[in-house]
Every structure is written in structure tokens, then in C-alpha cells.
Amino acid sequence: MRILRQIHARLLTHPWPISTFSFALSKIVGFCALSAHGDIDYATRVFSQIPSPNIFSWNSIIRGCSQTQNPSKEPILFFKKLVKRGYPKSNSFTLAFVLKACSIVLALEEGRQVHSHVMRSGFDSSPFVQTALVNFYGKCEDIRSAKKMFDEIPDRNLVAWTTMISGYAKIGMVNEALGLFREMQKAGVVPDEVTMVSVISACAASGALDVGRWLHAYIDKHLINTDLELSTALVNMYAKCGCIERAKEVFEAMPVKDTKAWSSMIVGLAIHGHVEDVSEALSKMEKAKVKPNDVTFIGVLSACAHSGRVSDGRKYWSSMLESGVEPSMEHYGCMVDLLCRANLVEEAYSFVETMPITPNPIIWRILLVGCKKNRNLDKGEIVANRLLELEPLNAENYILLSNLYASGSQWVKMSHVRKQIKDKGIKAVPGCSSIEVDGYVHEFVMGDWSHSEAKEIREVLRDISERVSGAGHEPWISAVLHDMGDEEKESALGEHSERLAIAFGLLKTKAPVVIRIVKNLRVCEDCHEVTKIISKLFQRDIIVRDRIRFHKFVNGSCSCKDFW
DNA sequence: CTGGCCAATA
């Protein structure tokens with residue numbers, strides 16, 4: 001940057017031919033934008049000094065200001081200015097850069113306008129622009145448009161395939177991501193480490209351990225360069241698929257570990273409830289002179305919260321502040337959770353009151369869960385009011401409030417809340433559990449019997465329910481929302497999505513294969529109890545990853561020690 | 001004169 005500034009000064013103090021002057025300034029803009037120590041404000045100032053910037057200068061400034069750590073719509077504004085002026089004419093570089101900018105700030109509307117610009121200007125046949133469009137729609141989670149763009153590409157290269165795969169991976173469409181990966185190979189396109197990162201992330205998201213293992217073997221067999229990103233993706237995949245030991249092995253073998261690698265490992269240990277290992281990893285990380293960041297502390301604090309380690313949590317909170325990490329909403333969430341789980345609801349409430357940032361619905365919801373657990377009706381009502389003000393259409397909030405009243409035997413108030421749900425016509429997010437069998441991820445939604453083997457699953461479920469009640473279990477029916485008779489409530493519990501997935505697992509696999517389930521919500525208490533019993537009666541290890549953490553059910557007990 | 005795809009988050 002220093003040398004660049006010197007050259008800049010020279011340019012300004014000497015009389016150069018105008019074309020040389022413009023060219024040189026454009027180069028400076030390009031360098032500023034590109035270099036790691038780039039200064040985009042400086043680049044912008046230099047850009048404004050160029051008498052008649054050519055397309056290269058415009059491209060440089062558009063690309064440059066989309067690469068800052070605080071993304072903004074600035075590059076899009078530059079593009080708009082360029083289009084308005086009508087000169088110089090934009091080229092394929094311009095369009096690819098501005099699409100990239102739109103994908104970073106998720107500017108769907110602006111991106112669509114750029115898309116129509118692409119069509120008008122005839123750059124729709126540029127492979128770079130095509131890929132940029134696929135990426136843009138993928139990042140904005142408009143997967144149909146992304147796929148449409150992708151399908152329209154006549155000859156898809158590695159980057160185009162990888163872009164589409166990562167689009168699917170991002171929104172958790174694993175089967176589609178993996179299907180495309182196979183299709184890509186059939187088309188004779190050889191995947192590289194970037195492709196592998198995307199498919200492996202898809203496995204992590206869906207808990208597809210077998211496919212993940214297969215991909216890892218593929219990487220080794222085809223000598224794909226296992227760089228920092230790919231190793232991190234593998235650590236994350238093994239951790240999210242329930243193989244924390246394997247995750248550790250991959251992590252230990254990494255020659256270089258950055259903040260993201262350490263954070264992945266720490267978050268992985270945290271969701272497995274290995275709180276001692278989390279502490280150890282954090283001190284090793286500091287010893288290795290890798291700076292923990294906001295994500296690292298989310299892992300550390302959530303580990304403390306989930307294991308009830310209040311004093312450790314407080315200790316890490318102060319060390320986080322000392323290390324200069326600005327606490328974000330997530331960190332406050334962890335602390336509120338930490339205090340609530342330790343039954344310090346009043347303290348959690350004052351903690352929220354004194355937060356320097358305005359609490360979001362998630363914070364209030366954690367508090368409400370805490371109030372429910374502690375049967376603190378007075379605080380609970382206050383908290384629920386705040387929450388419902390902010391999020392009047394989220395069924396989960398009403399369910400929590402209803403459960404709060406149920407916990408305090410306030411039946412009139414409870415039925416009033418349930419009536420509100422009905423009157424407002426709001427629907428709860430349905431529970432959804434998935435299980436990987438033979439390289440395919442099967443999804444089960446609560447009470448949904450559309451699976452092709454529904455009949456067989458129903459039989460397994462009946463068998464389960466008979467044997468479980470034979471073992472003396474009585475369904476804990478107050479977890480059921482709807483106004484229905486006890487018998488109905490019992491069968492509703494029996495149709496919770498994880499039960500369907502477990503039944504399918506029992507049907508399709510044999511011991512000693514572990515049944516691995518991924519669930520989008522938290523497991524209810526009855527399902528938790530029943531799964532423990534199943535693990536004993538059927539002598540099958542069952543691993544459930546819920547929205548928060550892992551539960552390993554072995555021979556009648558769970559790794560979370562019933563604290564979750 | 002420049003270029004498209006990738007890792008961790010309550």
C-alpha cells in the first residue's frame with residue numbers, strides 16, 4: 001500500500017498523457033481492491049480521480065468493494081451508475097462481479113435486474129456469467145432459478161457443477177446435492193477439493209455418515225488435495241454425524257489449524273456434551289496462538305450451558321470480553337440459557353434487562369423455557385408478553401406459554417392460549433427427522449404416512465409401543481399440543497417424527513448397525529424416555545442429533561444424562 | 001490489465 005501511494009503521488013505531481021494517467025490510476029484501483037491489505041476507501045478516492053474511467057477501472061471498483069469484511073450494496077450502486085451513464089459498456093467481468101456482490105448481500109431484486117441486463121447484453125453465453133447467476137440464485141436460496149440457470153448451461157465445467165451442488169448443500173437438499181455429484185461424475189467432470197467441501201457439508205447437515213465416509217475414502221483414493229477448508233469440512237461432518245472420535249482424528253492430523261478449524265472442533269465437542277474436552281481444546285488453541293473468535297465462544301459457552309457449568313460459563317464470558325470478542329446476540333443467548341438451565345431464572349431475567357443490545361425473540365424464548373422449567377408463572381407471563389409482541393405468529397411461543405400454564409395447573413389460562421392458536425390459525429413447524437439408509441436420506445414428518453414403506457413402519461411402531469408399555473412406560477402426554485382425548489394424545493406421541501425414523505431404522509438395518517437420526521426440533525421428554533427403552537429392549541444403539549445436541553442411547557440410558 | 005465454486009454460529 002505504501003508503494004502504491006507513492007506511485008499515486010508521482011502520478012498526480014507529474015504531467016502525464018491523459019491515457020497513461022487513467023490507465024495507471026485504474027491499475028491502482030485494481031491493486032487496492034485485490035490486495036489483502038487493500039484499502040477500499042482509498043481505492044474509491046483514486047477511482048473518483050480518474051478523468052474517464054474505462055471498464056477495467058469500473059470492474060476493479062465493483063469487485064473491490066464487494067470484497068470488504070462489511071459487505072454493502074455499494075458495488076451495486078456503482079453498477080447502477082455505470083448503466084445510467086451508458087459508457088463504458090459493461091462486459092462479462094462487470095456482470096460476474098456485480099452478481100457476486102448481489103449474492104453476498106442477498107440482493108435478490110437487484111440481482112434479477114442484473115440478470116435481465118445479462119440477457120439484453122448477450123453475455124448470457126459467458127461461462128463466468130452463467131456460473132455467477134447460478135451462484136447468485138443459490139445464495140439467495142431461490143434454488144429453482146439456480147437450477148434453471150444451471151440446466152441452461154450447454155457445457156458445464158467443474159465450477160458450474162460445484163456451484164450448483166453447493167446451492168443444494170446450503171439449503172440442506174442433500175439427496176439433490178449428492179445426486180448431482182454422481183451425475184457430474186457420469187458426465188466425466190472430475191471433482192476437486194472445492195466440490196468435496198460442498199458435498200461433505202451436505203452430509204454434515206443431514207447426518208449422512210455413510211455417504212460422508214464414502215466421500216472421505218474417495219478423497220484419499222483420488223488424491224484430492226485435503227486443504228484447510230476440506231479438513232475443516234471433514235471435522236465438521238464427522239462431528240455432526242455423531243463420530244466425534246473420527247472428527248478428533250482428522251483434526252489432530254491437520255498440519256495447520258486456523259480459527260475456523262478450532263471452532264469446528266470445539267462446536268463439535270460441545271454438541272456431544274464433552275465439556276472437559278471443550279475447555280482443553282480452548283486452552284490448546286490459545287497455546288497454539290490461534291485467536292478464538294465469536295464462533296469459538298458460542299461453542300464454549302453453549303457447552304457450559306448444556307452441562308450446567310454456571311461458574312465455568314461466567315469465567316469464559318469474562319475471558320471472552322478480555323480477548324476482545326464483542327458479545328453478540330448468540331453469546332447473550334448462551335448466557336441466558338446457562339443461567340436458566342441452572343435454575344437461576346431471576347438472574348437470567350435481569351441479565352436480559354441489562355443487555356446493551358435489544359433482545360431478539362430467541363432470547364425471550366430461552367427465558368420462557370427457563371420459566372416453564374422452574375414453574376415461574378409470574379416472570380413467565382411477562383416474558384411471554386414480550387415474546388408474543390415480537391413474534392405473534394410463531395406457534396412455538398404459544399405452545400411454550402401453554403406448557404407454562406400446564407406446569408402450574410392453570411388450566412383455564414392454558415386452554416385460552418390454545419384457543420388463540422386455533423383462532424389465529426397459526427401452525428407449528430412440523431417435527432422432521434431423517435435417517436440415512438443405503439446412501440439415501442429418508443425424511444419423516446410427524447404424523448406423515450406418505451413413505452413408500454409406511455405399512456411396514458406402522459407394524460414396527462405397533463411392536464415398539466407394545467413392548468415399551470410392557471416394560472412399564474406410561475406416555476407423558478402433556479407434551480401433546482392439540483385438544484384431544486388421552487388415547488389420541490398417546491398415538492400422537494407415537495407418531496413423532498423420530499419414532500417413525502427409528503422404526504424405519506429398525507426395519508431396514510440390523511444390529512450392530514447404529515441407528516442415527518437427525519431431528520429439526522428438540523426431542524420431547526416422552527420420546528427421550530421411549531428411545532432409552534428401545535435401546536435396551538431392542539439392544540440397538542441409537543444416536544439422535546436434535547436441534548441442540550447429540551443424544552446417544554445405549555442399553556437404556558442416554559449420554560446427556562437426562563439434562564438437555 | 002481483471003474472472004465464476006468451498007469450512008465453524010444460541
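Keep in mind that the numbers below use all heavy atoms, side chains included, and drop hydrogens, waters and symmetry copies. Protein chains get the first letters and strands the later ones, always in sequence-line order, with residue 1 at the start of each.
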Check A:K148 with A:E152, please: is the shortest side-chain N to carboxylate O separation under 4.0 Å? yes
Note, A:V369 side chain near A:D337 side chain (heavy atom, < 4.5 Å): no
When you compare the ring of A:F128 with the six-membered ring of B:dG4's base, are the centres less than 5.5 Å apart and the planes under 30° from each other? no
Considering just the side-chain nitrogens and oxygens of A:K240, establish if one lies under 4.0 Å of OP1 or OP2 belonging to B:dA7. no
With ring pair (Phe, Tyr, Trp, His ring centres under 6.0 Å) as the rule and sequence neighbours excluded, what pairs involving residues 281-316 of chain A come up? none
Numerically ordered, the residues 288-301 of chain A set in heavy-atom contact under 4.0 Å with DNA chain B is A:N293, A:V295, A:I298
Relative to the ring of A:W58, is the ring of A:F47 parallel (under 30°), tilted (30 to 60°) or perpendicular (over 60°)? perpendicular
Test side-chain contact (heavy atoms from CB on, under 4.5 Å) applied to A:I224 - qualifying residues, sequence neighbours left out: A:E193, A:M196, A:Y218, A:I219, A:H222, A:L230
Less than 4.0 angstrom between a side-chain N/O of A:K260 and OP1 or OP2 of B:dC6, yes or no? no
Return no unless some side-chain N or O of A:N135 is found under 4.0 Å from OP1 or OP2 of B:dC5. yes
To the nearest Å, how far apart are A:D258 CG and B:dA8 C1'? 9 Å
Taking only side-chain N and O atoms of A:N59, does any of them lie within less than 4.0 angstrom of OP1 or OP2 on B:dT2? no
From OH of A:Y238 across to P of B:dA7 the rounded distance in Å is 19 Å
Within the 4.0 Å heavy-atom criterion, would you say A:T162 contacts the bases, only the backbone, or no part of the nucleic acid? base
Verify stack between A:F93 ring and B:dT2 base, 5.5 Å, 30 degrees: yes
